[in-house]
Amino acid sequence: MDIFKVLSRGIKAQPKKNQPGAPQLLPSAGAKVNPQFFHDNVGGSTSKRSRKRKRKGAQANNTTESGDDDSDASDVDYFAPKPTPEELAAKKDAELKADEPKKQKPKLMEEDECRQLLKSHRLKFTVLAGRVQQAEEATEKPSKKKQKKNKKEPGEKDKKKKKKDEDKKQIYPQPLNSFGELKYTYGVHPTLADNITRQGFRVPTEVQMGSLPLQLRPEMALEKAPGVEDVKTERGIDFLGVAPTGSGKTISFLIPAIDAIIKRRAEDYAPEADEHVLQAIVVAPTRELASQIVNEGRKLAIGTGVRVVLMKRTLRLVAEENKQEETEQEGKEADKDSDHDSEAESEPEEVVGSDEEEEEEDSDAEKNEENKAEGDKKSKKERPITRVDILVTTPKILLNFLCGGEKEKGKPRIVKKTLPTVQSLILDEADVLLDPIFRKQTMGIWRACTHPNLGMTCWSATMASNIEALLTKHIEKRAKRTPEQTPKPLIRLVVGLKDTAVPNITHKLIYCATEPGKLLALRQLLHPVSSADSGPPLRPPFLVFTQTIDRAQALHDELKYDIPLEAGGSARVAVLHSSLSDSVRSKIMARFRSGEVWVLITTDVLARGVDFAGVNGVVNYDVPVSAAAYVHRAGRTGRAGREGGVAVTFYTKDDIPFVKSVANVIAMSEKQAGKDIDEKDTVKAAQGSVQKWLLDALPKVAKEDKRKLKVRGVESRRTGGKATITTKSSWERRRENNRREAIEASKRRKREAQKAEKEGGAAPVEKDQEWTGLD
C-alpha cells in the first residue's frame, strides 16, 4: 500500500496559466453579474458610502443565507412532486416584485454625490447647443458684409474661445442607480417596467445610467445640476450618446421611445381615433442590425400595445403629400455642406461600402420576391396601410418610399411624402448614417419628419468631431424655423475615452509578412500546437473579418475542411456577406447564435451593432480601414462587460503604412484599462500589448492615404495577384486557369457549330491551328 497515494488522494494539482486545463473566463461562459465597464474610486465619501451599503447588503444576505441553510437542513422533502411551470412562473414574479423598491417620494442625490458617482463611472455630459443665450445671440448676428467692415477688436478671438469653453463645461445630472427606479422615480409605465425586469436587467450600464434619466424626465435629472440655468427642457432634449460597444445603447433609446408612446396614447385617447400612429423612427445602417433592434423592441413592448415593425419594400405607411418639395438647388446646397464637412474631417470613419452594398442587396432581394408574385397581384388593389408605432428601417428603403420609387439616373431626388406624426427620430450608428455615403439618404428622412417638436437622438461607439458639428448645425438650423418656441438643448454623453475599444478584451497585433503567412497564422489559431502561446488562446466561436466579398469567399473555401469530421467538419465554418440573399443570411446568423457555426467569415456588414453575446474573439484577417472600423470590429466580443475576449489583427508588409491608426487605438484602449505601455515589460509584450518602440517605428498615415484607404481599402487586395488567399502555387493556379479557358473555348465552338447547323449552313471553318496543350 502506497501511503503517499492515500495522503494525496483528495488533492488536485492546480494547472498553470495558459495550460489546456487552466480555468479561464470567456465571453461564451455566460452573462456577467455586473455589466459595467468602469468602477473608479473617486473621493473618500463615495468609497465609504459604497462600503456601508455593501456591508448592509452583506449582512442581509448572510442572515437570509443562514436562515435558508437552517430550513434546508430540516424542511427539505425529497419525495415532493416537481412544481408545474405555472407555479415556477408565479414564484419568479413574486421574487421580482420583492426585489423592487417600495413606492416612495423620489429622493434626488446632492451635487457632490452626483459628481463623484458620474466620475467614478467616467461619464461626461456636455451641452453642445440649445442654451437660451446661444439662441438669442444667433438671431442677433450681423450680416457677413457688416462683419467684414467692422474692425476686429484686440482679444476678440480669445473672448469667443473662452465663452465657447464655458458653454461646453461639464454638467452633472442625476444618474440611474438601478432599474427599479424607473417605475417609481421616473414614472415609467408599470408594464414596461415589468418587461425590463423579466428580461433580466438589474444593474444599469454606464450609458443607461447616464442617458435614461435625461430622456425620461430631463427637468428632474437637471434639477440639482449647477450651470444649467439657461438650459430649458420644457419641450424635451436632443441627445447624443457615445459609449463603448456592447454597453446597452439599444435599450437606452428603446425604453424612452416606448414609454413616450404609451403616455401620449393615454393623454390623447379618443375612441374614434386610430390606436397605432407612427411616432418614432429608428434608422440603422444594416438590415441585420435593424432586425436585432426590432426583436429587442418587441420584447420590451409585450403587453403595452406598442407595435414595432421592420420596414420592407412592400410596406405602406400613413404619410402626407409634401407641399414644399425639395428642389434641386436645395439638394446641391446640402451636397456642398456635405463636401465641406467631409474635407474638414479630422479622423475618417469606417468604410461603409459593404453596408451600402448590403442595403442594395436587400432591396434587390425584396424586388425578386415581389416580382415572383407580381403577375398575380397586378389585378389586385394596393396593399393596406400598415399601422405601426415604432418603425425600424435602413436609410435607402424608407427614402424610396418617401420619394415614390427608386432613383432615376440623371434626375434629382425629390421627397414627395412627409411623416408629420413622427415625434422621435433615432439614429443608431449615427456616425455612419451621417457619413458622406449615407448622408443624403439620412438627411432626406430627417427633412421628411415635419413635426415641430421632433426629438433627435444619436448613438454610436465612435463619433468624429465633424459629425458632431454637422449634427449641431442642422439642429440649430431646424430650430430657427420656429423662433417662437424655446430651442431644445443638445446634450452629449461620452462614456470613457472617445473612440477607443472596450477595456475588457485583450488585443494582439501580429506581423505575418505575406498573405500566405496570414493564412498560416489563422490555421495556427484554429489548431494551437504549443501551450506557450502569446497571451490567452482564441477559442471558438469567433468572427473573421476580411476586406472584400471575394476574399471572404476564398478564405471560406480554404478553411472549410480544416475542422475534422469528428468535430462537425465543414458545417462549423460559414461565410456571410452582402451577395447572399436575405433568407440565407438569416439562417447563417441563427446557426452562429445557436452554436452550430464556430468560425464565421464576414465583411464589415457585421462590424457594427450586431450583438453576439458569446463570441470569444475577433480576427481581423485584413487590417481595418480606419480606427473606427477597428473599434467596432473588436467590439463584437466582450459584450456587456464579459471578460476574456481576444481581438487579433494580422498585418503584412503592404499594411505597414496604415497600421499606426490601429496601433494607437490599441494603446489608448489598454491605457484606459490600466495597462501602461512599457517596452521593458516582457509579460505585457507576451500578452500582445503594443510597445512604445513599435508606435515610434510605424509611419504616420497621411490624410490622403486615410481617405483612399477608407474608400477602397488596400488596393493590392482588390486586384488579386500575390494577395490572393490560397495555398496553391502560381504555377498550379495558371494551369487551372488555362484548363478552364480551354474548356470554355471548346463549349463555345460546339455552340457555334450547333447554331450553324440549325440555320442550314455549313459549320464555320477554322484556320488550321496546332494545339500546344496545357502549360
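Because only heavy atoms are used, hydrogens play no part in the values below, and waters and symmetry mates are left out as well, while side chains stay in.
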- Query: Are the side chains of Leu214 and Ile237 in touch, meaning some heavy atoms are under 4.5 Å apart?
  - Reply: yes

- Using atom types as modelled and distance alone, determine if a side-chain donor or acceptor of Asn504 lies under 3.5 Å from a backbone N or O of Arg642. yes

- Checking Arg636 side chain against His632 main chain: does a donor-acceptor pair fall under 3.5 Å? yes

- Smallest separation among heavy atoms of Cys114 and Met109, with atom names: SG-CB, 3.7 Å

- Item | Electrostatic pair Arg217-Glu219, nearest N-O below 4.0 angstrom | yes

- Evaluation steps, side-chain hydrogen bond (donor to acceptor under 3.5 Å, both in side chains), between Asp389 and His276: CA-CA 5 Å; Asp389 297 302; His276 300 287; 2.8 Å; yes

- Item | For Asp259 against Gly187, the heavy-atom pair lying closest together | OD1-O, 4.1 Å

- Does the side chain of Tyr172 come within less than 4.5 Å of Leu117's, by heavy atoms? no

- For Val618 and Val646, what are the C-alpha separation, side-chain angles and deciding distance, and is it a side-chain contact (heavy atoms from CB on, under 4.5 Å)? CA-CA 6 Å; Val618 168; Val646 183; over 6 Å; no

- Task: To the nearest 0.5 Å, tell me how far Leu192 CG sits from Lys263 NZ.
- Result: 9.5 Å

- Does the side chain of Val619 come within less than 4.5 Å of Leu543's, by heavy atoms? no

- Main-chain N/O of Leu576 paired with Thr602 side-chain donor or acceptor, under 3.5 Å: yes

- Go through the structure and list residues passing side chain to side chain contact (heavy atoms under 4.5 Å, CB included) with Ser291, not counting sequence neighbours. Arg287, Leu310

- Query: Does the side chain of Asp428 come within less than 4.5 Å of Phe253's, by heavy atoms?
  - Reply: yes

- Item | Gln208 and Ser252: CA distance, side-chain angles, deciding distance, side-chain hydrogen bond (donor to acceptor under 3.5 Å, both in side chains) verdict | CA-CA 5 Å; Gln208 294 161 358; Ser252 300; 4.5 Å; no

- Is it true that Arg492 and Glu468 have a side-chain N and a carboxylate O under 4.0 angstrom from each other? yes

- Would you confirm whether Asp238, through its side chain, and Gly455, through its main-chain N or O, come within 3.5 Å as a donor-acceptor pair? no

- Decide yes or no for Thr462 and Arg608: does some side-chain heavy atom of the first lie under 4.5 Å from some side-chain heavy atom of the second? yes

- Message: Checking Leu471 against Cys458 for the side-chain contact (heavy atoms from CB on, under 4.5 Å) test, could you report, in this order, the C-alpha distance in whole Å, the side-chain angles of both residues, the deciding distance, and whether it holds?
- Response: CA-CA 9 Å; Leu471 187 65; Cys458 302; 3.6 Å; yes

- Query: Do Glu288 and Arg585 pass the salt bridge (charged side-chain N to carboxylate O under 4.0 Å, His left out) test, and can you show the C-alpha distance, the side-chain angles, and the key distance before you say yes or no?
  - Reply: CA-CA 9 Å; Glu288 279 78 12; Arg585 289 203 303 270; 2.8 Å; yes

- Message: Could you tell me if the side chain of Phe179 sits less than 4.5 Å from the side chain of Thr197, heavy atoms only?
- Response: no

- Could you pull out all residues at least two apart from His121 that satisfy ring pair (Phe, Tyr, Trp, His ring centres under 6.0 Å)? His39

- Message: Under a 3.5 Å distance rule, please check whether Lys498 uses its side chain to pair with a backbone N or O of Met463 as donor and acceptor.
- Response: yes

- Query: Less than 4.5 Å apart, any side-chain heavy atom of Lys124 and any of Leu493?
  - Reply: no

- Task: Tell me, with the steps shown, if Val283 and Thr394 meet side-chain contact (heavy atoms from CB on, under 4.5 Å).
- Result: CA-CA 6 Å; Val283 186; Thr394 50; over 6 Å; no

- Result of checking Leu427, Leu433, Leu425 against Trp446 for side chain to side chain contact (heavy atoms under 4.5 Å, CB included): Leu425

- Task: Could you tell me whether Asp611 and Arg639 have a side-chain N and a carboxylate O separated by less than 4.0 Å?
- Result: yes

- Take atom NZ in Lys587; do more than 12 heavy atoms of anything else shown fall under 6.0 Å from it? no

- Are a donor atom and an acceptor atom from the side chains of Gln423 and Arg264 found within less than 3.5 Å of each other? yes

- Hey, mind stepping through Ile390 and Ile258 against side-chain contact (heavy atoms from CB on, under 4.5 Å) and telling me if it holds? CA-CA 8 Å; Ile390 299 176; Ile258 295 172; 3.8 Å; yes

- Item | Closest approach of Pro256 to Leu216 (non-hydrogen atoms, all atoms of both residues) | CA-CD2, 3.9 Å

- Query: Can you find a heavy atom in the side chain of Met220 that is under 4.5 Å from one in the side chain of Tyr186?
  - Reply: yes

- Message: Is the distance between the ring centroids of Phe542 and Trp598 under 6.0 Å?
- Response: no

- Task: Kindly assign one of parallel, tilted or perpendicular to the pair Phe592 and Phe612, based on the angle between their ring planes and the thresholds 30° and 60°.
- Result: perpendicular

